[in-house]
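Below, each value reflects all heavy atoms present in this structure, side chains not excepted, and no hydrogens, waters or symmetry copies.
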Amino acid sequence: MNGARIGVVTFPGSLDDRDAQRAVRLAGAEPVALWHADEDLRGVDAVVLPGGFSYGDYLRCGAIARFAPVMGEVVAAAETGLPVLGICNGFQILCEAHLLPGALIRNDHQLFVCRDQDLRVTSTSTAWTSDLELGEVITVPLKNGEGGYVADEDTLDRLEGEGRVVFRYEGGNPNGSLRDIAGIANARGNVVGLMPHPEHAVEPGFGPDEPGRPRAGTDGLRLFTSVLGSLVSR
């Protein structure tokens with residue numbers, strides 16, 4: 001969608017907001033910087049909640065950010081269909097804001113993990129995954145200390161049954177997430193949260209390694225181009 005404007009929210013402690021803005025630009029949209037204290041979304045067509053350590057994560061991860069003024073606007077807009085992507089800490093914020101079910105807890109091995117991570121694509125029916133292929137394996141960087149996705153069994157069964165598990169960890173579970181879940185969506189498919197970082201795999205020379213091609217991986221860019229296609233169909 002030409003002329004699309006995608007907001008990227010900066011919270012105190014965000015560290016991947018500029019990377020997310022760059023990913024939006026490379027996908028062909030205009031990034032719009034939003035601040036946690038903003039009380040309007042400036043007419044953006046979609047929103048990204050980037051990774052980082054909002055408010056130092058001094059309580060539960062994302063629990064304080066959930067009450068930021070901008071989040072009231074994000075929640076209201078998401079409930080009417082605005083596409084929202086939460087990455088890492090952004091995923092945690094979406095869960096704390098009850099836009100997505102479950103929670104993220106400390107990695108089961110109690111260590112921070114940073115590596116290129118393979119993900120199995122398990123849903124292409126969301127606003128953020130339509131340019132991916134169902135069942136394909138993509139590679140994007142992963143970096144977290146509190147990345148274990150948990151929910152009660154009924155919630156997990158519902159996510160599975162409704163096709164709302166969007167990504168699963170492939171080749172080993174890095175943080176103890178239940179059922180190898182790396183990303184989920186809401187029932188409508190406009191809100192997606194995932195722990196790995198697609199914004200770090202959007203430009204050759206700066207992404208994950210590919211066989212015989214160091215730092216060439218750009219699998220993450222397709223999440224951002226997907227949302228542009230979804231805006232055309234809205």
Side-chain angles (χ1 to χ4, degrees), residues 46-51 60-63 65-66 71 74-109 113 117-140 142 144-199 219-220 222-224 226-227 229-230:
V47 168
V48 177
L49 304 182
R60 295 186 313 277
C61 296
R66 174 260 181 275
M71 284 306 300
V74 170
V75 170
E79 290 174 346
T80 66
L82 184 81
V84 179
L85 177 67
I87 303 168
C88 195
N89 198 212
F91 185 11
Q92 296 161 340
I93 294 169
L94 290 177
C95 291
E96 291 290 341
H98 306 299
L99 284 174
L100 294 175
L104 284 301
I105 64 172
R106 188 155 185 82
N107 297 347
D108 60 349
H109 46 71
V113 59
Q117 178 66 50
D118 289 343
L119 302 175
R120 177 78 60 180
V121 179
T122 53
S123 173
T124 57
S125 61
T126 80
W128 298 91
T129 56
S130 59
D131 283 354
L132 300 171
E133 296 293 330
L134 188 65
E136 76 168 306
V137 176
I138 65 173
T139 305
V140 298
L142 172 78
N144 65 73
E146 297 85 14
Y149 180 75
V150 296
D152 61 71
E153 288 297 313
D154 287 344
T155 297
L156 293 171
D157 289 342
R158 186 171 69 253
L159 290 171
E160 301 265 19
E162 296 176 358
R164 292 167 53 190
V165 176
V166 180
F167 299 103
R168 292 189 201 275
Y169 293 113
E170 184 83 2
N173 187 322
N175 48 36
S177 291
L178 298 181
R179 304 192 189 182
D180 297 331
I181 291 174
I184 60 173
N186 66 345
R188 189 168 180 169
N190 61 301
V191 178
V192 169
L194 75 163
M195 186 50 52
H197 288 261
E199 79 280 15
D219 287 338
R222 284 185 286 161
L223 276 80
F224 298 93
S226 290
V227 76
S230 79

Please report the shortest heavy-atom distance between Leu100 and Ala185, naming the atom on each side.
-> CD2-C, 3.5 Å
Gap between atom CG of Leu156 and atom CZ of Arg164 - 0.5 Å precision = 11.0 Å
Examine distances only and state if a side-chain atom of Trp128 and a backbone atom of Asn190 form a donor-acceptor pair shorter than 3.5 Å.
-> yes
Partner residues of Ser226 under the side-chain hydrogen bond (donor to acceptor under 3.5 Å, both in side chains) criterion, sequence neighbours left out | none
Under 30°, 30 to 60°, or over 60°: which ring-plane class applies to Tyr149 and Phe91, parallel, tilted or perpendicular?
-> parallel
Contacts satisfying salt bridge (charged side-chain N to carboxylate O under 4.0 Å, His left out) that involve residues 123-140 (not counting sequence neighbours) are Glu136-Arg222
State which residues pass salt bridge (charged side-chain N to carboxylate O under 4.0 Å, His left out) with Arg188; sequence neighbours excluded, sorted by chain then number.
-> none
Electrostatic pair Glu153:Arg179 at N-O distance under 4.0 angstrom | yes
Sequence neighbours excluded, which residues qualify as side-chain hydrogen bond (donor to acceptor under 3.5 Å, both in side chains) partners of Arg60?
-> Glu96
Is there a donor-acceptor contact under 3.5 Å from the side chain of His109 to the main chain of Pro174?
-> yes
Applying side-chain hydrogen bond (donor to acceptor under 3.5 Å, both in side chains), name anything that partners Ser177, two or more places apart in sequence or on another chain.
-> Asn175
Distance-only donor-acceptor check, side chains Thr129 and Thr126, under 3.5 Å = yes
What residues, two or more places apart in sequence or in another chain, satisfy side-chain hydrogen bond (donor to acceptor under 3.5 Å, both in side chains) together with Asp152?
-> Thr155
